[in-house]
There are 2 protein chains.
Amino acid sequence: MSESDQSRLLPRNNTYAQATESVLREMILDGSIGPGQRLNEVTLASSLGISRGPLREAIQRLTSEGLLTVISHRGAFVRTFSRDEIVELYELRAALELHAVRLVCARASDAELEDLDAMLSDTESRMRESTGHAYPQELDFHLRLVLLAGNQALMRSALEAHRQLSLARSMSGQRPTRARAAVVEHGELVAVLRARDLEGATALMIRHLDHSMASAIAVLGLPGDEDAPTTRSDDRSRGADGTVAPD
Amino acid sequence: MSESDQSRLLPRNNTYAQATESVLREMILDGSIGPGQRLNEVTLASSLGISRGPLREAIQRLTSEGLLTVISHRGAFVRTFSRDEIVELYELRAALELHAVRLVCARASDAELEDLDAMLSDTESRMRESTGHAYPQELDFHLRLVLLAGNQALMRSALEAHRQLSLARSMSGQRPTRARAAVVEHGELVAVLRARDLEGATALMIRHLDHSMASAIAVLGLPGDEDAPTTRSDDRSRGADGTVAPD
DNA sequence: GAACTGCAAACTGTCAACAGTTCACAGAGA
DNA sequence: TCTCTGTGAACTGTTGACAGTTTGCAGTTC
């Protein structure tokens with residue numbers, strides 16, 4: 001956990017509740033608060049330098065975003081995901097991103113697709129010179145693709161699904177293994193998109209998501225159909241840098 | 001506004017905040033609080049017999065559901081929709097429901113599809129004997145279809161999109177005009193689904209959603225690409241029974 | 001008459017205290 | 001030794017009051 005929590009929260013967001021929502025989301029996604037862990041309202045509020053009111057509002061928002069689970073009179077817990085829930089999220093992504101592919105194929109300008117391609121090459125070169133597990137977290141390739149579809153409602157849903165999956169992946173302490181393969185598949189997808197080949201793009205996207213899902217589930221060690229991991233408090237088994245498998 | 005607001009809120013939900021969320025959502029969707037109208041926290045809280053805390057939590061939740069818009073230091077407003085936003089929501093529905101069609105076609109049992117068909121006939125007969133604008137609001141045909149896909153994440157997104165469109169439709173005081181046509185198209189869709197004709201079902205769904213969107217936009221009188229209607233307070237132009245165009 | 005300034009009322013954002021529930025542990029009983 | 005019950009600490013849900021912002025209006029100036 002970075003020690004900037006006590007610092008001024010309001011330069012960007014003009015309300016403690018909004019600022020707290022951002023800070024909390026970050027803490028959850030980067031693993032500062034591990035999956036299954038409970039959020040103690042009075043401790044957390046005082047450590048953030050605010051009172052429980054704005055904190056509770058932030059918790060409500062993150063709950064409807066699917067990052068927290070709150071049980072009445074018992075508290076808010078960082079959400080954990082069963083194998084089935086992860087499959088469902090990938091199915092949701094397929095629904096959204098396959099439609100995004102259709103829209104992009106029909107609407108995006110050549111220049112926009114070229115930008116996407118350039119961004120991808122940039123990622124690739126940065127991955128080559130780094131140790132391999134530094135994946136740019138800023139804005140995922142898939143989210144950029146959805147952004148190109150030019151539909152805010154679609155983007156919002158996609159972002160939510162991605163955040164949930166990012167949290168789900170953080171349930172394992174594993175290093176990413178599929179980053180390079182994913183980038184290659186992204187490249188293929190952009191190529192067929194630039195050729196306006198909708199059928200090809202659709203097929204590639206389906207295969208890509210299947211690979212990604214298989215990798216995620218394997219990494220999480222959830223082979224069977226077992227139930228959701230129960231709420232284990234104090235499991236802070238993740239790495240310090242917060243990078244998790246992309247995609 | 002029904003006068004049950006002051007009555008006990010907690011039989012079903014065990015928290016005032018949860019109960020208030022349900023009550024407020026209903027009030028928004030049935031038009032008790034018109035689109036664009038502002039929610040006065042102290043007035044509303046006292047009329048619900050609670051304090052501002054739980055009310056504010058409910059407001060946060062409905063905001064992230066897309067039914068309210070809150071502006072810092074100015075208040076929460078029932079959301080209004082521009083033409084473009086409605087188009088976006090229909091596009092989102094297309095993404096979700098076309099995928100649902102694929103899943104249902106592959107997974108749903110014959111018995112489940114038969115149930116869906118029976119439900120439809122029931123709706124049809126009830127529509128025939130009523131005056132025509134009483135459409136069963138309980139659970140829309142499309143949502144039942146998504147439910148059959150057996151994916152909670154998908155269902156959640158679809159439900160949210162439907163609620164937003166339901167609110168959008170309530171912006172006009174018009175009676176529904178397309179209910180009968182919609183039911184017919186639903187019947188055709190179920191027929192091809194029962195034949196496991198994925199291509200046919202997809203085509204029908206696309207056409208059906210296009211019709212539905214065109215009707216919604218026409219009814220709302222938003223022909224051009226004009227901006228979002230600005231926040232008009234005190235526009236209570238809707239009918240009293242809360243029924244709005246289906247679909 | 002129009003535009004600007006300053007003030008007051010109304011309202012939202014935040015806080016600290018109270019109330020009700022949950023949970024863990026100690027002690028009694030079998 | 002094990003199970004059950006009761007009690008108290010810890011925590012969440014709710015409340016009422018305080019603080020800061022917005023907004024409309026009155027008064028002033030040009």
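Residue numbers begin at 1 in each chain, while the letters A, B, ... track the order of the sequences. Since the model is a prediction, treat every value here as computed from it, not as a measurement.
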Within residues 59-72 of chain A, find the residues that approach DNA chain C with a heavy atom at under 4.0 Å, and present them sorted by residue number.
none

Check A:Phe81 against A:Gln164 and note the closest heavy-atom contact, atom names and distance.
CZ-O, 3.5 Å

CG of A:Leu55 versus P of D:dC11: gap in Å, rounded?
14 Å

Side-chain donor/acceptor of B:Arg79 to backbone N/O of B:Gly66, under 3.5 Å:
yes

Given side chain to side chain contact (heavy atoms under 4.5 Å, CB included), test B:Glu65 with A:Ser64 step by step and report yes or no.
CA-CA 8 Å; B:Glu65 228 174 88; A:Ser64 45; over 6 Å; no

Go through the steps to decide whether B:Glu57 and B:Tyr16 satisfy the test side chain to side chain contact (heavy atoms under 4.5 Å, CB included), and finish with yes or no.
CA-CA 10 Å; B:Glu57 288 192 9; B:Tyr16 281 123; over 6 Å; no

Selection residues 145-161 of chain A - residue pairs positive for salt bridge (charged side-chain N to carboxylate O under 4.0 Å, His left out), sequence neighbours left out:
A:Arg156-B:Glu160, A:Glu160-B:Arg156

Does a side-chain N or O of B:Arg38 approach OP1 or OP2 of C:dT12 to a distance below 4.0 Å, or not?
yes

Protein-nucleotide distance (B:Gln37, atom CD; C:dC11, atom P), rounded to Å
13 Å

Applying side-chain contact (heavy atoms from CB on, under 4.5 Å), can you list everything that pairs with A:Glu112, at least two apart in sequence or on another chain?
A:Ala108, A:Ser109, A:Leu148

Whole angstrom value for the distance that separates P of D:dG13 from CD of B:Glu57
7 Å

Side chain of A:Glu41 - closest among C:dT12, D:dT12, D:dT14
D:dT12

Taking only N/O atoms, report every protein-nucleotides 5-7 of chain C pair under 3.5 Å with atom names and distance.
none

Derivation and outcome, side chain to side chain contact (heavy atoms under 4.5 Å, CB included), residues A:Arg61 and B:Arg61:
CA-CA 6 Å; A:Arg61 301 256 278 270; B:Arg61 300 256 277 272; over 6 Å; no

Please report the closest heavy-atom contact between B:Leu29 and B:Arg163, naming both atoms and the distance.
CD2-O, 3.6 Å

Heteroatom pairs (N/O) under 3.5 angstrom, protein to nucleotides 15-19 of chain C:
unit_1: C:dC15; atom_1: OP2; unit_2: A:Ser51; atom_2: N; d: 2.8
unit_1: C:dC15; atom_1: OP2; unit_2: A:Ser51; atom_2: OG; d: 2.8
unit_1: C:dC15; atom_1: O5'; unit_2: A:Ser51; atom_2: OG; d: 3.4

Quick one about B:Ser32 and B:Glu26 (side-chain donor to acceptor, distance below 3.5 Å, no hydrogens or angles considered), yes or no?
no

To the nearest angstrom, the CZ-P distance between A:Arg74 and D:dA10 comes to 18 Å

Rounded to the nearest 0.5 Å, what's the gap from CD on A:Glu97 to NE2 on A:His142? Could you check?
5.5 Å

When rounded to whole Å, the CG to P distance for the pair B:Leu48 and D:dT15 reads 11 Å

Set of side-chain contact (heavy atoms from CB on, under 4.5 Å) partners for A:Thr43, sequence neighbours left out:
A:Asn40

Is the shortest side-chain N/O distance from A:Asn40 to OP1 or OP2 of D:dC11 below 4.0 Å?
yes

Just call it for B:Leu44: base, sugar-phosphate, or nothing, with non-hydrogen atoms closer than 4.0 Å on any strand.
nothing

Nearest-angstrom distance from the residue atom NE2 of A:His73 to P of D:dA10
20 Å

Does D:dT12 have its OP1 or OP2 closer than 4.0 Å to a side-chain nitrogen or oxygen of A:Arg56?
no

